There are 2 protein chains.
Amino acid sequence: MPPIREMLAETGITEQQWRVLRVLAEYGPQNSSTLASRASLLFPSLTRIARTMQQKGLITLSRDDEDRRRQTIAITSLGQQIIDEKVDQAAQIVEGFRQKLGAEKYEALLDTLALLDPNNSEG
Amino acid sequence: MPPIREMLAETGITEQQWRVLRVLAEYGPQNSSTLASRASLLFPSLTRIARTMQQKGLITLSRDDEDRRRQTIAITSLGQQIIDEKVDQAAQIVEGFRQKLGAEKYEALLDTLALLDPNNSEG
DNA sequence: CGCTATTAATTAACATGTGAATTAATTATT
DNA sequence: AATAATTAATTCACATGTTAATTAATAGCG
């Protein structure tokens, strides 16, 4: 999504990092595999992205005491700040896209993509 | 397309390299920018891919004598051989995909993607 | 003709995609 | 309990995506 990238350019984060923040903001703290699936990222990609985002202070990583293989990832206030600053503009961009394509085609596209999404139960 | 990648695994080429071969086989020799657009690749990506494929003997690169900035890219017999060996199986995979999704949704998807493709005049 | 602007392609730097190998912790089996 | 199998995550190696800077050749213009 070029317009989303353009919006994010001034924040210094990528589309994928934006997706990570959005998922964390929506679902709360969660382990890596859940987050990877929800953000449509492969595990090795998430590993790298998480390290970067931790260094930027956007998220925190912590070991799960129940199962020390597992890692819990959470958004920081700095990360939440980016969400808060950009969420309206992002919604506007999506709405503009929907208008340009037409509501019908847009909904049909989302449905079909959901069917094809391997991270979605409907697949 | 995971099944396409799986099919290509034994040939040692990637999906993008497969697209390059297909475009060259369909349209014949052409310059880099035309090829990049038809194969849905960014120019810097094509530069790297072309170098790799030349080293593998799949394509040839030659300077245009009219305009020495331009480069003409053509498929070799080795490249054509890969196309010939795999084109039927690829068609089968696409047909299987179409069946699984349903003809109607499949056609609607292609139409919408064509509308959204910036390399397509309809965009 | 000489200079500037434009264009085709490459290079650079960093981020992600992808599949395979590896590590560390937990679970299952006997 | 000891060992094997499984699971969560990381690491590796290579390929592509993405934007900006750079290079080389051509076109335009005074």
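Numbers restart at 1 for each chain; the letters A, B, ... are given by sequence-line order, proteins then strands. As the structure is a prediction and not an experimental result, all values here were calculated from the model.
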Notebook entry, point to check: If a stem is a run of at least 3 consecutive Watson-Crick or G-U pairs, both distances under 3.5 Å, which stems include DNA chain C?
Noted result: C:1-30 with D:1-30
Next item on the list: Send over the distance from B:Leu35 CG to D:dT16 P, rounded to a whole Å.
Entry: 13 Å
Check: Would you say B:Arg48 reaches C:dT10's phosphate, i.e. side-chain N/O to OP1/OP2 under 4.0 Å?
Finding: no
Item checked: A:Arg51 vs D:dT11: side-chain N/O to OP1/OP2 distance below 4.0 Å -> yes
Checklist line | Close side-chain approach of B:Leu116 and B:Thr112, heavy atoms under 4.5 Å | finding: yes
Margin query: Just the rounded figure in Å: distance from C1' of C:dT11 to CG of B:Leu42.
Written below: 15 Å
Note to self: Tell me the interatomic distance from A:Met1, atom CE, to D:dG17, atom C1', rounded to whole angstroms.
What the structure shows: 17 Å
Next item on the list: Please check the phosphate of D:dG17 (OP1 and OP2 only) for any side-chain N or O of A:Gln16 closer than 4.0 Å.
Entry: no
Next item on the list: Tell me whether the OP1 or OP2 atom of D:dA15 has a side-chain N or O from B:Thr52 closer than 4.0 Å.
Entry: no
Next item on the list: Quickly work out the B:Ile13 CD1 to D:dC14 P distance and round it to whole Å.
Entry: 19 Å
Notebook entry, point to check: Side chains of B:Gln80 and B:Asp84: donor-acceptor distance under 3.5 Å anywhere?
Noted result: yes
Nucleotide N/O of nucleotides 23-29 of chain C paired with protein N/O under 3.5 Å:
unit_1, atom_1, unit_2, atom_2, d
C:dT26, OP1, A:Arg68, N, 2.9

Margin query: Does any part of the side chain of B:Ile83, heavy atoms only, come nearer than 4.5 Å to the side chain of B:Leu24, both counted from C-beta?
Written below: no
Checklist line | Euclidean distance, atom CG of residue B:Leu8 to atom C1' of C:dG17 [Å, nearest integer] | finding: 16 Å
Notebook entry, point to check: How is A:Leu46 classified with respect to the nucleic acid when contacts are heavy atoms under 4.0 Å: base, sugar-phosphate, or nothing?
Noted result: nothing
Check: What integer distance in Å separates A:Met7:CE from D:dT19:C1'?
Finding: 18 Å
Note to self: I'd like to know if A:Lys86 and A:Glu10 make a salt bridge, using a cut-off of under 4.0 Å between side-chain N and carboxylate O.
What the structure shows: yes
Notebook entry, point to check: Closest nucleotide of DNA chain D for A:Pro44 versus for A:Arg5: which of these residues is on the 5' side?
Noted result: A:Pro44
Next item on the list: Inspect the surroundings of CZ in A:Arg63 and state if more than 12 heavy atoms from other residues, nucleotides or ligands are less than 6.0 Å away.
Entry: yes
Next item on the list: Ignoring backbone atoms, test whether B:Thr47 places a side-chain nitrogen or oxygen under 4.0 Å from the OP1 or OP2 oxygen of C:dT11.
Entry: no
Notebook entry, point to check: Is the count of non-hydrogen atoms from other residues, nucleotides or ligands lying under 6.0 Å from A:Lys105 atom NZ greater than 12?
Noted result: no
Item checked: Nearest heavy-atom neighbours spanning A:Leu61 and A:Ala50 -> CD2-CB, 4.3 Å
Next item on the list: Please check the phosphate of D:dG17 (OP1 and OP2 only) for any side-chain N or O of B:Ser45 closer than 4.0 Å.
Entry: yes
Item checked: Integer-rounded Å distance: C:dA21 P and A:Phe43 CZ -> 19 Å
Check: Think B:Gln71 has a side-chain N or O under 4.0 angstrom from the OP1 or OP2 of C:dT10?
Finding: yes
Margin query: Strictly below 4.0 Å, N to O, side chains only: are A:Arg38 and A:Glu26 in salt-bridge contact?
Written below: no
Item checked: Shortest non-hydrogen separation from A:Ile82 to A:Trp18 and the atoms involved -> O-CZ3, 4.1 Å
Check: Are any non-hydrogen side-chain atoms of A:Thr52 and A:Leu58 less than 4.5 angstrom apart?
Finding: no
Check: To the nearest angstrom, how far is B:Ile49 atom CD1 from C:dT10 atom C1'?
Finding: 14 Å
